[in-house]
Participant: 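The structure follows.
Hydrogens, waters and symmetry mates are skipped; everything else that's a heavy atom, side chains included, is used. Residue numbers begin at 1 in each chain, while the letters A, B, ... track the order of the sequences.
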There are 2 protein chains.
Amino acid sequence: MGVFSKTCEYGIRAVLFIAHKTASGGRVGIKEIATGIDSPEHFLAKILQDLSRKGLVQSAKGPNGGFYLDGKALRRPLSEVVEAIDGDGLFTGCALGLKQCSEINPCPLHNQFKLIRTEIQDLLQNAEIGTFNNELALGIRSLKR
Amino acid sequence: MGVFSKTCEYGIRAVLFIAHKTASGGRVGIKEIATGIDSPEHFLAKILQDLSRKGLVQSAKGPNGGFYLDGKALRRPLSEVVEAIDGDGLFTGCALGLKQCSEINPCPLHNQFKLIRTEIQDLLQNAEIGTFNNELALGIRSLKR
DNA sequence: GAAATAAAAGAGTTTTTTATCTTTTATTAA
DNA sequence: TTAATAAAAGATAAAAAACTCTTTTATTTC
Ligand code: FES
Ligand code: FES
């Protein structure tokens, strides 16, 4: 079990792939994305439909259609993708599953865990989708295998 | 979605509860544990059966029976409970679900994520099950709600 | 050795997650 | 205005996780 759901892993990878592939304009189709991030095509389609409804990715039907990101979407932090798919449980929830993480009724791991939780949140909040394009273009970061 | 599976959350809470309740000898029954950590009784039974087979908790049948921890079990780090239930994916897996986390083929989050992953591992490796007994006895740490 | 106790084991069910397949709608371009 | 393209939507299906219920086995105590 990772920190993100499979759905969220695919979602993040897809968003980064779209940003990279459409950096110089144009769109990229679901088939190419699925292949590019090594994910099940139709499952990914569902994920992107959802992200599209929420405005986190843009899409166009028909010939020359496909997915892309507008300027605003490119500047969004990855934390928004995570929240859209997995919710904010990773950022606010208790490590041991107490209904409510709090200082008043803390679990044994609370003090240390909340620091780590915040680091994860910071990492994702400071990671703008578009900022990975360079490294992806250089081939020094991977989205598959 | 949290960092641990529900099964693992229950497992950790149960182990800490057993340690606390049997600190001065004796055993504690499944009913009391389930109530004490607010978990489904029969589901928890399965989890403890598994941990018992793996030697992470001890048990005795019959009157005055129940679960307890021997000296060795009390000194085990929580990381062993986590590994027994969820495996080592949390400690070694890729944040974005690449088959293999590596320096050669790193995902965009690799550099930052591996630091956080290590912090989680350190936290759990340095958390001996028995060390929480004091705070639990004082009531300043909770295992339910 | 019979009755009571409590965990272990077995055999499910339900819910959620992950994945697949088909049909519909929108858009483009010839 | 027809054909081609590509995403959206709908409808299932498979697998895994979470949870429940019943029966069996081991142990104790009387
Ligand atoms: S109460 Fe468990 S992490 Fe805060
Ligand atoms: S490759 Fe993704 S975390 Fe290491």
Participant: D/dA9 phosphate, OP1 or OP2: any side-chain N/O from A/R53 under 4.0 angstrom?
Facilitator: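 Result: yes.
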Participant: Taking only side-chain nitrogens and oxygens of B/Y10, does any of them come within less than 4.0 Å of OP1 or OP2 of D/dC19?
Facilitator: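 For D/dC19, OP1 or OP2 has a side-chain N or O of B/Y10 closer than 4.0 Å.
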Participant: Under a 3.5 Å distance rule, please check whether A/D86 uses its side chain to pair with a backbone N or O of A/S5 as donor and acceptor.
Facilitator: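 Yes.
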Participant: Any heavy-atom pair between the side chains of B/C107 and A/R141 that's under 4.5 Å?
Facilitator: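 Not touching, per the 4.5 Å side-chain cut-off.
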Participant: Can you give the donor-acceptor pairs under 3.5 Å from side chains of residues 88-100 of chain B to other protein atoms, not counting sequence neighbours?
Facilitator:
{"from": "B/T92", "atom 1": "OG1", "to": "B/D88", "atom 2": "O", "distance (Å)": "3.1"}
{"from": "B/K99", "atom 1": "NZ", "to": "A/D38", "atom 2": "OD2", "distance (Å)": "3.0"}

Participant: Taking ring pair (Phe, Tyr, Trp, His ring centres under 6.0 Å) as the definition, give me every residue that meets it alongside A/F17, ordered by chain and number, with sequence neighbours left out.
Facilitator: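 For A/F17, no residue satisfies ring pair (Phe, Tyr, Trp, His ring centres under 6.0 Å) once neighbours in sequence are set aside.
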Participant: What residues in residues 29-52 of chain B put a non-hydrogen atom under 4.0 Å from any atom of DNA chain C?
Facilitator: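 Per residue number, the list reads B/G29, B/I30, B/K46, B/Q49, B/S52.
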Participant: Let me know, please, whether B/S5 or A/V28 comes out on the 5' side of the other along DNA chain D by nearest nucleotide.
Facilitator: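 Going by which nucleotide is closer to the 5' end, it is A/V28.
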Participant: Between A/D50 and A/K54, does at least one N-O distance fall below 4.0 Å, as a salt bridge requires?
Facilitator: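 Salt bridge present between A/D50 and A/K54.
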Participant: Answer yes or no: does a side-chain N or O of A/T7 lie under 4.0 Å from OP1 or OP2 of C/dT18?
Facilitator: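 So the side-chain polar atoms of A/T7 do come within 4.0 Å of the phosphate oxygens OP1 or OP2 of C/dT18, strictly under.
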Participant: In this structure, how many angstroms lie between the P atom of C/dT27 and the NZ atom of A/K61, rounded?
Facilitator: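 Rounded to the whole Å, the gap is 7 Å.
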Participant: Rounded off to whole Å, could you give me the NZ-to-C1' distance for the B/K6 and C/dT17 pair?
Facilitator: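 Spelled out: NZ on B/K6 to C1' on C/dT17 is 16 Å.
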Participant: I'd like to check the side chain to side chain contact (heavy atoms under 4.5 Å, CB included) partners of A/K61; sequence neighbours left out, ordered by chain and number.
Facilitator: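 Result, side chain to side chain contact (heavy atoms under 4.5 Å, CB included) vs A/K61: none returned.
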Participant: Roughly, in whole Å, what's the span from CZ in B/R27 to P in C/dT5?
Facilitator: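 Between P of C/dT5 and CZ of B/R27: 17 Å.
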Participant: Look at A/S59 and D/dA8 and indicate whether a side-chain polar atom (N or O) is within less than 4.0 Å of OP1 or OP2.
Facilitator: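 Affirmative; the distance criterion is met.
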Participant: Run through B/L69, B/T131, B/T22 and flag the one making a side-chain contact (heavy atoms from CB on, under 4.5 Å) with B/L74.
Facilitator: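 Of all the options given, the one that passes is B/L69.
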Participant: Sequence neighbours left out, what passes ring pair (Phe, Tyr, Trp, His ring centres under 6.0 Å) with B/Y10? Give chain and number order.
Facilitator: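 B/Y10 satisfies ring pair (Phe, Tyr, Trp, His ring centres under 6.0 Å) with B/F43 once adjacent residues are dropped.
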Participant: Could you tell me how far apart B/E9 (CD) and D/dA17 (P) are, to the nearest whole angstrom?
Facilitator: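 Spelled out: CD on B/E9 to P on D/dA17 is 14 Å.
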Participant: Kindly compute the distance separating CG (B/L115) from NE2 (B/H110), expressed to the nearest 0.5 Å.
Facilitator: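 With rounding to 0.5 Å, CG (B/L115) is 8.5 Å from NE2 (B/H110).
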Participant: Could you list by number each residue of residues 62-70 of chain A showing a heavy-atom separation from DNA chain C of less than 4.0 Å, or answer none if no residue does?
Facilitator: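 Those residues are A/G62, A/P63, A/N64.
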